[in-house]
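This report refers to the structure that appears directly beneath it.
The chains referred to below are lettered A, B, ... by the order of the sequence lines, with proteins before strands, and numbering in each begins at 1.
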Amino acid sequence: MRVGVSSSGGHLSTIRLRDIAAAGRHHEALDLFRHALRHSEPFLSVSSILPSAILSAAALSLSPAAAQLHSLALKSGLLPADPFVLTALLSAYSRLRLLPLACRLFDEVPSSAAPTSAFNALISGHALAPVSSPAILALFLRMRREAVPFDDVTLLALLPAAPPVAIPPLHGVAFRAALASVSSVSNCLLSCYSRVGAVDFARQLFDEMPDHRKDLISWNAMISCYAQNGLAHQVLDLFDTMEHSASVEPNAVTLIGVLSTCAYLGAHSIGRKIENYISQKPSFDSNTYLKNALINLHVRCGDLARARTIFDEMPQRTIVSWTAMIAGYGMHGHGEEALRLFDKMIEVGIRPDGIAMVSVLSACSHGGMADKGMWYFSSMKTAYGVVPSRAHYACVVDLLGRAGQLKEAWKLIESMPVEPDGPIWGALLGACKIHKNVELAELAFERVIELEPTNVGYYVLLSNIYSDAGRLDGVARVRAIMRQRGLKKDPGCSYVDHKGKVHLFMADDHSHPQAKNIYEMVLRLEAMVKNDSEMYGSKRKENLPLTGFHSEKLAIAFGLLNTEAGAEIVVIKNLRCSVLSGPLLKP
DNA sequence: GTAGGGTTAG
């Protein structure tokens, strides 16, 4: 359709509108569109400016405007034939979460006349919906049946939403269409493999990429892959390689991956180096994601004051910033401060999500505030619209359990609207250990082992409960089941970074040069905690050799023996011992 | 001109 009266150069509006919309100035874009229509510029086709206007309306969440533009398109005779208008509308309805409208529009397109871009828009729209993979795969199959060519964009929309089993066949499809070597597609495949834990496949893809196709995103995806799969040593190794390979410069996303690994390892010194590097780059200064990663680093390494300073100085805080800080106070036993911060978050108008509530409940649990925790748990649905998930139940079972209310914890599990999972029964089992309840422990163990038959931790826990109760028959039985199922006790290890040297401790480990002093220290500490000097003497005499010494206790004792009062001791436990050979952890 | 890959908290 041509609308033309005015004298100004028509196509200028088209170009300006696109640029303005692309720059994110959507209000201006819509104003310009209205202006162009009203003044009917010559040689200006509505079809050339309508797609940008439609997408601007969607970007501003203006459903009525999108619907108006839709009817304008109909009146102008642009639907369903104009592929650009059609695709923009499909994309707009998808982004406005009006998927039914998108589907209805798509159905009006004559079969096999729909362009690739229309399918792509609809697939992306379905990918935004919570349970979408069947619908998406159906769309893709229909595309192939109707011989509509697919492209890289199709795969980028399809792959992240596809179920794990569909990834390898889709990889094959991409390969045969000569799309698997397109950087964006191979990066996407890499993250898909990462997400399902297929780290080796991801690495293989990474290694197979020729250097000129390996871009910053490829490096970031591989680093995040290692980080998310807990392979800390590999993260630091790859980051090191990246820094020495001149072609790409790390960006904020790279550093977030590395920082999360430092947080996981408690590698405070490396993390601080990265923080220092960041502080010299003004462009990183306003990156909220990066600040959140730094908060998490300091929180996990025990430097709450530094974490809080970063938090306080942030120009913008997201719910992630608040949650990281609340969780930090919670995990270090500052329950009151955690709740104060939570109240403040509510005050500034941030509505907590499920994860924020997990951090609140666990702060209550670790801070011994059972009543407060129960209050938050029972009110969170009405107050904040957070429906309790299994993670919340696990927190509350832990909370009741620690407080000695084992029966109530059991009743809560029984009353759950969904089936309890391993961590929930595990929390009850842990509470049984604290309160020495063998009967309930046996019941909880039976359930937890049905759900997680190979989780060695639960066997060890029950064995220790029997051992505490002097029930050696039980200990033997648990050991027999473990043997029968081919399960081996994971050697728990803890380490301390002291003066640039890493000191590793295993449970009941006597190999350290200071072993004698360390064991003395543990016994003293235990006696202090129990406020029972009798125990110190008795355990010392009767236990030869000494057993039941957690690796973590040994590491803490070592730290206390070798540092000044008030010095920071960071103990990291239960990591795969392989991380200790990492290059960055050496002095 | 349309569709779009990598990022933090539990």
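Qualifying ring pair (Phe, Tyr, Trp, His ring centres under 6.0 Å) partners for A:Tyr93, counting only residues two or more places apart in sequence or in other chains: A:His70. In this structure, the side-chain contact (heavy atoms from CB on, under 4.5 Å) partners of A:Pro80, at least two apart in sequence or on a different chain, are A:Val109, A:Pro110. By the side-chain contact (heavy atoms from CB on, under 4.5 Å) test, A:Thr154 is found to be paired with A:Thr116, A:Asn120, A:Ile123, A:Phe140, A:Met143, A:Phe150, A:Asp151, residues two or more places apart in sequence or in another chain being considered.
At the heavy-atom level, A:Leu55 lies under 4.0 Å from the strands shown only through sugar-phosphate atoms.
Distance OH (A:Tyr93) to P (B:dT2): 19 Å, rounded to an integer number of Å. As a whole-Å value, the separation of A:Leu50 CG from B:dT2 P is 12 Å. Following rounding to the nearest Å, A:Leu105 (CG) and B:dT2 (P) show an atom-to-atom distance of 17 Å.
Applying the salt bridge (charged side-chain N to carboxylate O under 4.0 Å, His left out) test to pairs two or more places apart or on separate chains, those with a residue in residues 306-329 of chain A are A:Glu275-A:Arg306, A:Arg308-A:Asp312, A:Arg308-A:Glu337. Evaluation of the salt bridge (charged side-chain N to carboxylate O under 4.0 Å, His left out) test over residues 218-230 of chain A, restricted to residues two or more places apart or in two chains, returns none.
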> When every nucleotide of nucleotides 4-10 of chain B is labelled 5' to 3' by its protein contacts under 4.0 Å (heavy atoms), B for base, S for sugar-phosphate only, - for none, what sequence of letters results?
Replying inline: SBBBBBB

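Donor-acceptor pairing under 3.5 Å is recorded for the side chains of A:His298 and A:His268.
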